[in-house]
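Counting from 1, the numbers follow the sequence of the chain as shown.
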Amino acid sequence: MSDAYELMLKTNYRIILGENIVDAEKHNITERLLGAKSTREQVRRFYGGVGFAGNIEENASRMYPEFFIPPYNNGIKYRTVLGQMPKTQILSANMYELEILRLLKILAPDNPEINDMVCKTLVRLKTTCFGYQDDGKGECFDASLIVLRFLAAAAPNETIWIQSRIDNFNRHYAEKKRPRFCIWYYWLCLSELPFKMVETEIDMYRAEMLNWICNKSCVINSEHDKTFHSVILCILRNNISRYPEYRYIKDRLPYVNVSDKRLRFDMKQ
């Protein structure tokens, strides 16, 4: 498993939970992630592996990463931040690069190398169906959500583009039965976008989110379960706490109930 991938996951979880990351840690994480940047030869080998032939830079639709290629993992693709197992490199490889670039932009917003990669990646995404067009087919639908989350951090002023990814989700989500990962990831995106921009979206799911956070509990069989389910509950917390009447839960964390050993969230004032 890629060290950069594991670091990306752990850093994501810390941020979602609301943990403070001090400047020294930000620098360390940034350097480690930058150290995982792929060489041009690695990029070309990857493009050959996915069946692309020709000049990568001149490809009219650049569907795959150009800076962070997921290392070979015994043929197994890399799960998304919320645990979805991709079937295609459209989702897996773009998730790997965009999630790493997103963190780099958050942790070191003034770094010239990072900003150059972000700018070139934004140009690349505008050539893709999942990044810029109406596309609900296959895992392009899921990749569009990865782009939405990336834009929220890397290009927050691109409000029309961001709205287009929200609209893409709303147009296509109900077209077929989808794994629960889709809605969780969408809620994660909403929690990280300006409240004024997405309040009507959160309103649509407010009752469902409140039902989950108030009434549901999670079985804990391992430390991984505890961490992962805490992240899910904190995504709900991060959305609901944006309403004035629920601001009091903003810094609360899930807890393990001593009687049944299940993970819960306390909504009492």
Side-chain angles (χ1 to χ4, degrees), residues 1-12 25-133 135 137-151 153-155:
M1 191 65 72
S2 162
D3 288 341
Y5 172 75
E6 293 288 351
L7 179 60
M8 178 272 288
L9 287 184
K10 289 177 181 177
T11 306
N12 259 293
E25 278 190 289
K26 289 180 181 179
H27 177 75
N28 178 262
I29 294 168
T30 298
E31 290 301 305
R32 289 169 64 188
L33 290 177
L34 283 174
K37 184 178 178 182
S38 302
T39 65
R40 296 312 295 168
E41 182 55 34
Q42 289 171 324
V43 174
R44 292 184 184 283
R45 280 203 304 270
F46 173 83
Y47 269 70
V50 295
F52 175 79
N55 188 319
I56 295 170
E57 291 81 2
E58 293 178 1
N59 184 19
S61 181
R62 286 138 62 194
M63 301 287 282
Y64 298 103
E66 296 179 2
F67 300 107
F68 292 93
I69 297 297
Y72 181 71
N73 187 31
N74 296 317
I76 301 172
K77 295 179 176 63
Y78 288 81
R79 291 182 181 271
T80 67
V81 167
L82 297 185
Q84 181 176 355
M85 175 60 80
K87 298 176 182 178
T88 65
Q89 289 293 6
I90 290 289
L91 178 56
S92 182
N94 279 290
M95 177 279 302
Y96 183 85
E97 174 166 271
L98 295 182
E99 292 286 7
I100 288 176
L101 278 176
R102 175 186 169 275
L103 279 182
L104 286 171
K105 181 63 178 175
I106 289 171
L107 298 173
D110 299 321
N111 183 296
E113 180 184 4
I114 293 169
N115 284 331
D116 180 64
M117 289 189 289
V118 166
C119 287
K120 289 177 179 175
T121 298
L122 291 170
V123 171
R124 175 178 78 83
L125 292 174
K126 286 188 175 182
T127 74
T128 65
C129 53
F130 62 83
Y132 206 62
Q133 299 172 22
D135 193 344
K137 295 181 181 178
E139 289 192 331
C140 284
F141 174 82
D142 305 272
S144 179
L145 287 177
I146 303 291
V147 174
L148 173 60
R149 189 174 190 225
F150 175 70
L151 292 175

Would you say [X]'s side chain and [Y]'s backbone share a donor-acceptor pair under 3.5 angstrom?
X      : Y      : result
Tyr64  : Ile69  : no
Ser38  : Gln42  : no
Glu139 : Leu91  : no
Asn12  : Met8   : yes
Ser144 : Cys140 : no
Arg40  : Glu66  : yes
Tyr47  : Pro65  : yes

So which heavy atom on [X] is nearest to which on [Y], and how close?
X      : Y      : answer
Thr128 : Arg62  : CG2-O, 3.2 Å
Leu101 : Phe150 : CB-CE1, 3.8 Å
Gln84  : Asp142 : NE2-OD1, 3.3 Å
Tyr96  : Pro71  : OH-CD, 3.4 Å
Pro109 : Asn115 : O-ND2, 3.1 Å

Are the side chains of [Y] and [X] in contact, using a 4.5 Å heavy-atom criterion?
X      : Y      : result
Phe130 : Asn94  : yes
Leu104 : Phe68  : yes
Leu145 : Leu148 : yes
Pro70  : Lys77  : no

[atom1] of [X] to [atom2] of [Y]: how many Å apart, nearest 0.5 Å?
X      : Y      : atom1 : atom2 : value
Leu33  : Leu7   : CG    : CG    : 4.5 Å
Leu151 : Arg102 : CG    : CZ    : 11.5 Å
Phe67  : Lys120 : CZ    : NZ    : 5.5 Å
Met85  : Ile76  : CE    : CD1   : 6.5 Å
Ser92  : Ile146 : OG    : CD1   : 9.5 Å
Glu99  : Thr80  : CD    : OG1   : 8.0 Å

Just grab all the salt bridge (Lys or Arg N to Asp or Glu O under 4.0 Å) pairs involving residues 85-97, residues at least two apart or on different chains.
->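 Sorted pair list: Glu97-Arg124.
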Qualifying residue, where the test is side-chain contact (heavy atoms from CB on, under 4.5 Å) with Thr11 and the options are Leu103, Ile106, Ile100 =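 Of the listed options, the one satisfying the test is Leu103.
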Have Asn111 and Lys105 got a donor and an acceptor in their side chains that come within less than 3.5 Å?
->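 Absent: no donor and acceptor within the cut-off.
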